Amino acid sequence: MGDFLLTMPWAVVLILLPLVGAIVCFLWPKNVNQLGLVTLAGVFLSVVGLGAWLLENGVYHHAVGGWNAPLGIHLYADGLSLVMLGITALVGLFVSVYATAYFDRVQSEQFWPLWLFLLTALNALFLSADMFNLYVTLELLGLSAVALVALAGGKAALNGAMRYLLASLLGSLLFLFGVALLYHTYGSLDLAILSEQIEASPTVWMALGLISAGLLLKTALFPLHFWLPPAHASAFSPISALLSALVVKASFYLLLRLWLELFWPISGSVAGLLGILGVMAILWGSLQALRQTRVKMLVAYSTVAQIGYLFLAFPLAMGAGVTAWNAVMYLAISHALAKAAMFMAAGNLLRFGGHDRIADLDQLAQRLPLTVAAFALAGVSLIGLPPSGGFIGKWLLLEAALMQGRWDLAVVIVLGGVLAAMYLFKVLGYAFTEASTPSKVTAVPVRMEWAALLLASGAILLGFLAPLILPLLAIGTPFDAFSSAQEVMS
Amino acid sequence: MSIAVLYALVGIGLFCLGVYALMIHAHLLRKILALNIMGSGVFMVLLALAGRTEIMPDPVPAAMVITGIVVAVSATAFALALMLKISAVTGRAELNDEEEK
Amino acid sequence: MTLSDYLSVLFLLAGAVFFLAGTVGLLRFPDVYTRLHALTKADNVGLGLIVIGLAMQAESYASVGKLLLIWLLVLLAGSSISHLIAKKALQKGVRMWRR
Amino acid sequence: MNWNDWLPLLLIACSLVPGLIIFGLAEQRVRLRTTLNLSGSVINLLLVAWMLWGVYHGQHFETRLPLLPGLDLVLRAGPLSLLFVTLSAVLWLLTTIYAIGYLEGSPHRSRFFGFFSLCVSATIGVAMSGNLITFLLFYELLTLATYPLIVHRGTEVARHAGKIYLRYTLIGGGLLMFATVWLYTLTGSLEFTPQGFLHALGDEHRPALVMIFILFIAGFGVKAALIPLHGWLPLAMIAPAPVSALLHAVAVVKAGAFGIVRVVYDVFGINFATDLGVTAPLAWLAAFTILYASMRALYQDDLKRRLAFSTISQVSYITLGIAIAGPIAAIGGVVHLVHQGLMKITLFFCAGNLAETLGIHKISEMDGVGQRMPWTMAAFTIGVFGMIGAPPTAGFITKWYLGMGALEAGQSWVIWVLAGSSLLNAAYFLPILHRVWFRKPPKHWPEEHDFGRQETSWMLLLPPIITAFLALGAGLVAAAAFSPLAWAKLIAEREFY
Amino acid sequence: MCQVKKAFLSEYFLGVPREIYLTFLTRGLLFSLIWWALTNGDLSSWVIGGPAVMLALIVSMLLIPSTPLVWRAGVKFVFLFMLRSLMGGIDVAWRAFHPRLPIEPDLIEYPLQLPPGVAQVVMVNTVSLLPGTLSAELHDSVLKVHVLDGQSDVKTELMVVEKHVRRLFGLT
Amino acid sequence: MEALSLLQWLIDGLIGIGLLWLAWRALFCPELFKAIVLFIAFGLLMTLAWVRLKAPDVALAEVAIGAGLTGALLLSSWAKLRDFDANKGMGVREKNRVQSEQKTKRPFFHWLSATPVLLMAVGLGYGVLQLSPYATGLSTAVAENLDASGVSNPVTAVLLNFRAYDTLLEIAVLLLALIGIWSLEIRPSVREATLDPVLDLLARLLTPLLLLVSAYLLWVGAHASGGAFQAGSVLGAAGVLLILAGWRLPLSLAGLPLRITLVVGLSTFIAVAVLMMLDRGQLLAFPPSQASLIIFVLETTATLSIAAILAALFLGSRPDHSEKI
Amino acid sequence: METFYLVLVLFLLLNLAAGMWRVLLGPTAADRMMAAQLFGTTAVAVLLLLGQVEGRSALHDVAFVFALLSAVTAVAFVRRAWSEQEKKHDSK
């Protein structure tokens with residue numbers, strides 16, 4: 001068994017399996033739910049396999065087609081990719097289970113192929129070490145995500161989808177332009193080769209700017225977040241969950257990867273800018289969330305704010321490198337679990353009462369306790385209250401900030417948590433009270449409630465799993481490239 | 001300056017024109033056109049710079065551009081379909097700037 | 001330069017003249033129908049002449065064949081489409097220019 | 001594997017596991033729920049007794065789990081921890097009984113008892129935390145677990161109270177986290193240590209440490225309801241009586257006060273803190289709170305609100321005792337942790353009885369209620385005398401030690417504060433007693449429930465009587481081996497470990 | 001759209017077998033020729049070329065009704081067509097360049113004698129390339145022709161062309 | 001040579017300026033239809049630019065897409081948009097439409113966006129000018145390994161061997177776009193113009209021809225410009241033409257058979273990838289001796305799928321649902 | 001010879017540029033479309049000439065495909081884009 005774990009080419013399975021699943025779901029839509037769940041389970045197992053492999057052997061390299069870089073494309077996996085793959089599989093599995101109960105027959109026929117394409121794109125993105133290949137995966141990701149948003153079909157969803165599509169395409173093109181410049185400067189698309197050769201020059205600066213701008217747009221960092229709330233709020237809830245939890249993280253992952261491995265020697269000096277944007281995202285997103293009157297919109301703005309946190313690591317990485325990156329990755333995965341759970345919970349509210357107006361939640365805490373519990377637990381993690389993954393992430397981030405004497409950032413980190421608490425408990429408060437106008441209710445399938453609750457519990461559980469996850473992140477020392485750069489700088 | 005650079009500059013021009021148009025226009029079809037022109041600009045830079053040396057054109061950028069064109073067509077087709085759907089539902093081929101109340 | 005070269009140049013030049021005619025017609029003629037005349041006929045002849053000019057330089061019969069094929073295609077497409085456009089214009093009541 | 005390594009965790013599980021199970025129970029499964037609740041608290045008590053015995057004989061109970069690189073989750077049963085744990089365990093049992101009676105027939109009891117148990121777990125966790133991060137963890141858990149109890153009734157007022165409560169406590173929590181991480185980046189350790197772990201730090205860090213201390217006090221001061229951070233407490237009175245009883249007598253405010261004890265003694269170390277010059281302002285703040293809150297209490301007609309202001313005032317005795325920075329005063333402060341708990345819970349139980357049995361919420365409605373509910377009011381009277389500090393109640397012991405400690409530390413002004421406070425206590429409590437015993441009862445009580453021959457349900461009656469006896473007993477047998485006072489002396493001996 | 005499909009099928013199945021056989025051969029030859037021209041006579045290409053030609057053949061048989069052409073008339077027709085279309089080009093070029101723009105457009109109707117179908121379409125397409133004429137509408141076998149110069153004798157010219165087309169299709 | 005060089009410059013300059021001018025007009029002329037026509041012209045000129053840049057493979061792709069599909073798609077979408085408008089009433093709507101086509105954001109916003117765009121243009125231009133005048137591409141690496149790739153056209157070698165994984169994902173993107181469009185559930189347009197004999201014959205004549213050309217491009221791709229995508233686009237154009245002529249896929253074929261055609265390219269790709277993985281332990285690693293055969297199989301199936309997908313993209317609505325409405 | 005071809009190419013390109021004028025002028029949609037059509041035919045000629053210059057038969061293929069496919073756009077125009085509703089707008 002152990003041998004089997006170590007010999008299977010898990011990375012390849014991770015890419016091809018969901019793709020095959022998507023095709024099969026498209027061809028024979030009769031049993032999509034079962035087919036999809038089997039695929040997801042397979043993907044989950046593959047991540048476990050890949051994890052075992054990585055723990056045994058360090059980083060994973062695969063020269064596709066037997067052609068070594070720079071001619072061919074390399075697949076690459078280290079701890080960072082592994083954690084992202086893992087969180088994708090986990091959230092994906094729960095959302096999938098949720099989706100089997102959420103969608104009706106026709107909708108699930110449409111949902112599954114698109115979602116499996118999305119999964120393919122995510123996995124391929126986390127495993128790629130080739131700049132152009134990354135562009136293709138980004139496009140695959142963007143298109144499938146937009147198509148999923150559009151599934152909801154209403155005015156708001158279509159508008160949101162379109163805005164998202166335009167932003168996503170613009171982002172991809174910016175990225176591609178940067179890739180073009182890099183290719184023509186160094187004659188290679190391979191990350192490893194590029195990282196060895198890269199040095200500051202006007203062209204590289206432009207490439208850095210374009211690639212970062214493209215990815216920031218896709219990650220929806222303030223002030224490029226305009227497309228996110230309408231898209232995430234108007235999509236079907238399981239889809240919102242996927243988007244907020246995974247898709248946004250994918251472009252963030254890519255940005256992180258590129259800055260760490262490629263641009264760090266030159267980009268350190270502008271990292272402060274990302275930090276400022278992060279701060280503004282936290283404040284703006286939280287204030288907007290406070291103003292919302294609908295749960296899903298609130299949760300979507302909360303994503304805008306939470307994304308801001310991820311960018312605080314960039315200015316902090318100088319003095320407190322590994323801590324800051326660990327913090328951010330921890331925040332990212334906690335947010336993935338929590339936000340997915342939260343959107344699922346929001347979906348349950350919508351299904352139950354037919355609306356998601358916060359002021360009319362009408363004693364949901366009594367009538368839908370599991371869902372409200374899921375929402376609350378997810379909220380705990382988002383606020384960063386102990387014991388939760390969000391707490392660990394914020395703790396580390398705060399530690400990094402204070403180690404470096406960045407009081408301003410430390411204050412923002414704490415303030416962001418308080419603001420998050422304010423908007424999230426607004427929802428919870430109304431969940432306890434009675435609405436002025438009671439609405440007609442529909443039963444919520446048990447699966448939907450439990451999927452949300454379990455995922456939210458996962459976000460809480462993460463608070464105790466740091467000793468397990470942080471070593472995983474360190475496989476292949478993805479944050480090490482940066483620390484050596486740091487030595488050079490100092 | 002060589003012809004390669006000339007085309008690269010044209011590519012940049014196209015790209016920037018596209019970005020500007022994408023930002024200021026309201027009509028979706030126009031935005032889609034803008035994206036396409038931007039794409040052409042990027043492809044042009046990608047390919048033009050490969051021609052800096054006269055010996056043998058580099059096939060890799062050509063391959064990338066072909067892939068890029070396919071992707072662009074897919075995206076365009078999808079965007080157009082989405083635009084039509086929006087127009088059918090809302091009666092306008094524009095994004096609603098104001099939130100639904 | 002051989003005789004065929006001179007001939008080829010001649011054909012090519014003539015072709016260019018017809019293209020010019022097509023453009024001039026397109027710009028000068030007063031309505032859709034007349035412009036269609038100019039475009040279809042002049043350009044097709046122009047292309048035909050250029051094809052002949054190039055065919056004289058061609059290395060193989062096959063490539064001559066290919067050139068001719070291209071021209072035939074343009075002919076077929078050009079005439080069909082000009083008919084379709086004219087028909088549509090009539091249906092839509094685009095008025096004819098009369099002296 | 002040593003059993004002693006897991007006992008602290010087991011202690012928390014005693015309340016946590018029943019709590020989680022209760023969440024899943026259907027509303028009508030009263031018997032199972034009650035069994036779970038009571039057996040949990042009984043086992044809890046037994047474990048506590050076992051550990052008390054062990055600690056008394058120098059045994060060591062500590063659970064240590066990795067949480068972050070370099071930081072562990074530490075649960076440790078030292079003497080100070082056990083003082084608080086014991087208080088919680090005893091009162092939990094009583095409050096549970098009380099709550100079962102109080103909430104009989106009301107909706108959402110599963111949720112209520114679930115969160116109630118969670119609160120107790122959090123309190124015990126706070127008590128047993130062996131380092132600051134663990135403390136913080138349970139401290140915030142306590143915040144979260146109490147919120148649903150405050151908004152339990154689901155009215156607009158309750159929601160508002162919950163909102164205010166969260167606003168205070170979460171901002172406080174944020175400050176605490178800030179201070180903790182800051183401290184961590186300075187020292188690389190958060191472990192509670194006798195005499196603190198900061199004195200090794202160089203002088204250049206002094207301003208930072210003062211800031212950290214202020215942040216800590218601000219953070220804990222919210223729950224300890226130090227003026228001006230007390231605003232949430234009177235509002236939180238909207239919660240059901242058992243909640244007010246347990247929370248305000250024991251869990252929440254005590255967690256804050258306990259935090260101050262921990263920070264002053266086990267983080268900074270009392271000598272170092274005095275050296276920093278931060279204890280004196282703390283003492284002034286505590287004194288001011290004592291007097292100001294008592295004054296506010298004078299003007300409340302709502303019984304529970306008056307009790308709430310009284311709480312604010314009384315809890316600051318603990319802070320005051322700590323801040324005076326002398327061993328005797330410290331004993332007074334620590335022992336007050338228990339004494340105030342016993343006395344105040346008695347008062348809240350009684351207030352709850354009045355509300356539940358007769359629908360009385362206001363002091364002006366209490367005329368002659370002593371004739372209708374003599375047992376309840378007897379317990380109430382004992383509580384009141386305790387609050388005033390009349391001998392031989394537990395309150396007297398506290399004030400005695402505080403006063404002695406102040407004199408010993410050369411801070412005689414504290415005596416005046418104590419005297420003034422006692423006077424004020426008398427001023428706002430004695431008129432109540434006058435009403436209760438000497439005025440004529442009205443013809444109709446606002447909303448009377450019939451409990452047959454008894455004045456009220458035995459489940460409501462028993463707990464206040466027991467706590468009243470305990471409050472009295474703590475004063476009477478203060479010299480006995482396991483009395484709170486003796487234990488507080490043990491704590492002082494072992495340097496607050 | 002089912003009629004369309006039905007039409008295809010009927011055209012395929014109801015044709016005279018021998019004609020189909022002939023058409024098959026001629027078209028096969030034509031497609032092979034095209035393939036040869038495309039591939040520049042590369043022999044190895046026939047590995048793909050063979051199946052491709054067959055496929056194109058089948059598709060064309062499905063799509064285009066089998067219409068036997070008269071070869072001799074065909075050559076004549078091509079010759080005439082080339083000449084006339086060259087004339088057409090010259091004519092229009094002359095008019096375009098002429099400073100006074102000597103055009104006097106008119107629309108005439110010309111009833112076709114040809115049977116509906118491929119023959120008519122060939123006629124229509126040819127007319128558009130002839131000097132001064134542009135086929136503008138075909139409706140119920142009446143062809144509307146737009147003429148550049150209303151004075152010229154278009155009708156006679158059209159009749160000549162129609163005659164050639166008729167011969168091409170073997171319709172005497 | 002001087003004159004020749006000048007001439008080259010003139011031609012390239014003209015193309016460059018033409019491109020910029022067309023792009024500018026396409027993006028900023030008031031009328032949308034005009035913009036589309038200009039964009040089509042832009043695509044055609046782009047082809048010439050590719051030719052000038054010595055990238056005939058790209059030129060072919062651009063032609064197949066720009067001249068064939070994109071133009072048709074844009075025109076058809078524009079027409080459908082207008083039909084929606086027209087259905088809501090004439091006259092006033094018409095005016096609204098024209099206004100809506102011209103509508104831009106507020107003038108203030110124009111400046112707000114123009115400034116960074118200008119800055120970006122300057123920066124990019126500077127960056128490009130700073131590049132070393134010698135390309136450091138992969139042409140030598142490709143040339144060295146060309147023998148083992150199974151084809152002699154370097155572009156095809158890159159697309160289907162060295163970077164075949166990209167191509168796999170690219171076909172996935174195409175398929176995804178179609179699935180995405182189908183899931184939008186756009187109702188097929190009810191209006192279908194009457195059959196026109198001239199058009200009908202044109203479509204019927206061109207279809208077999210397009211088929212032949214497609215096969216030719218497939219074949220020629222191995223050693224000269226061409227390849228699966230170009231072949232697929234040409235074949236797809238045949239489908240578009242048939243659709244325009246009023247022909248529809250019979251319902252019996254519109255279900256599973258169509259879906260199988262749509263995915264056969266991607267599926268074959270995956271199957272080959274997996275087989276190679278099992279055989280040689282590396283994804284898409286073709287043994288050099290069989291590489292040309294494998295590539296041929298991949299390209300053939302890809303052509304089929306690409307053609308079907310492109311035609312279906314143009315149709316927009318699901319053919320197996322269209323008849324129900 | 002090469003120079004001659006290039007001159008021709010340049011001439012044809014200028015021709016194209018002039019033809020663009022018609023796209024802008026209109027006035028009917030058909031006029032614009034027609035001009036684009038002119039573009040197609042001329043571009044075929046340019047491609048053939050360039051192919052001659054560079055000695056690449058690949059450009060003949062490009063021209064071939066060009067000729068084949070430009071028809072598709074035009075057909076799309078006639079069948080779809082230029083429909084009945086435009087009467088008033090067009091016939092001035």
Side-chain angles (χ1 to χ4, degrees), chain A residues 70-72 130-133 135-140 142-144 146-147 149-150 153-170 172-185 187-189 203 206 210 213-214 226-227 229-230 233-234 292-294 297, chain B residues 4 8 11-12 15-16 18-19 22-23 28 31-32 34-52 58 60-61 63-65 67-68 70-72 74-79 81-101:
Chain A
L71 186 60
D130 182 278
M131 290 298 275
F132 187 74
N133 188 250
Y135 162 74
V136 181
T137 59
L138 273 178
E139 288 283 29
L140 195 61
L143 277 182
S144 46
V146 172
V149 172
K155 231 182 222 185
L158 291 171
N159 263 316
M162 193 72 198
R163 211 178 281 272
Y164 185 14
L165 178 65
L166 295 173
S168 168
L169 290 177
L170 176 62
S172 308
L173 284 174
L174 288 168
F175 182 85
L176 184 62
F177 206 133
V179 173
L181 291 182
L182 280 183
Y183 177 79
H184 285 303
T185 318
S188 174
L189 293 162
T203 327
M206 284 319 292
L210 289 166
F226 56 89
W227 59 266
S234 57
Q292 300 307 315
T293 54
R294 283 164 186 270
M297 208 62 184
Chain B
I12 291 172
F15 184 79
C16 294
V19 174
L22 180 69
M23 287 206 267
L28 288 175
K31 280 181 188 280
I32 294 168
L35 277 169
N36 268 294
I37 283 176
M38 275 176 68
S40 299
V42 181
F43 299 152
M44 182 150 265
V45 173
L46 196 52
L47 209 54
L49 291 179
R52 279 174 297 169
D58 187 351
V60 175
M64 288 197 275
V65 169
T67 306
V70 180
V71 170
S74 319
T76 306
F78 181 69
L82 190 55
M83 175 190 77
L84 287 179
K85 180 84 182 178
I86 287 179
S87 174
V89 172
T90 68
R92 287 194 308 168
E94 286 169 29
L95 291 174
N96 289 35
D97 278 329
E98 63 276 21
E99 305 283 326
E100 269 181 293
K101 287 285 167 327

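Since the structure is predicted, the reported quantities are computational estimates derived from the model, not experimental observations. Lettering of chains follows the sequences in order, A, B, ..., and the numbering in each one begins at 1.
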Side chain from CB out, backbone as N, CA, C, O: work out which of these in A:Val179 comes under 4.5 Å of a heavy atom of chain B, or both, or neither. neither

Going by ring-ring contact (aromatic ring centres under 6.0 Å, His included), name the residues that satisfy it together with A:Phe177, two or more places apart in sequence or in a different chain. B:Phe15

Interface moiety of A:Tyr135 toward chain B, non-hydrogen atoms closer than 4.5 Å: side chain

Looking at A:Leu71, A:Leu170, A:Leu140, which one has more heavy-atom pairs under 4.5 Å with chain B than the rest? A:Leu170

Which bit of A:Ala161 comes within less than 4.5 Å of chain B, counting heavy atoms only: side chain, backbone, both or neither? both

Taking side chain as everything from C-beta outward and backbone as N, CA, C, O, which of these in B:Val45 sits under 4.5 Å from a heavy atom of chain A? Side chain, backbone, both or neither. both

Return the minimal non-hydrogen interatomic distance between B:Lys31 and B:Leu22, and the atom names on each side. NZ-O, 2.9 Å

On a heavy-atom basis, which atom in A:Gly153 and which in B:Val89 lie closest, and how many Å separate them? O-CG2, 4.4 Å

Below 4.5 Å from any heavy atom of chain A, which atoms of B:Leu46 appear? Answer side chain, backbone, both or neither. both

List, one per line, each side-chain donor-acceptor pair under 3.5 Å for residues 34-42 of chain B, sequence neighbours excluded.
{"residue": "B:Asn36", "atom": "OD1", "partner": "B:Thr76", "partner atom": "OG1", "Å": "3.2"}
{"residue": "B:Asn36", "atom": "ND2", "partner": "B:Ile32", "partner atom": "O", "Å": "3.2"}
{"residue": "B:Asn36", "atom": "ND2", "partner": "B:Thr76", "partner atom": "OG1", "Å": "3.1"}
{"residue": "B:Ser40", "atom": "OG", "partner": "B:Asn36", "partner atom": "O", "Å": "3.1"}

Contacting region of A:Leu173 [heavy-atom separation from chain B under 4.5 Å]: both

Atom group of A:Leu189 that falls short of 4.5 Å from chain B, counting heavy atoms: side chain

Of the listed residues (A:Val136, A:Leu174, A:Leu166), which shares the most heavy-atom pairs with chain B below a 4.5 Å separation? A:Leu166

Considering non-hydrogen atoms only, spot the tightest contact between B:Ala93 and B:Met83 and give its length. CB-CG, 4.2 Å

What's the shortest heavy-atom distance between B:Ala79 and A:Met162, and which atoms? O-CE, 3.9 Å

What I'd like to find out is whether the side chain of A:Leu165 reaches to under 4.5 Å of the side chain of A:Leu169, using heavy atoms alone. yes

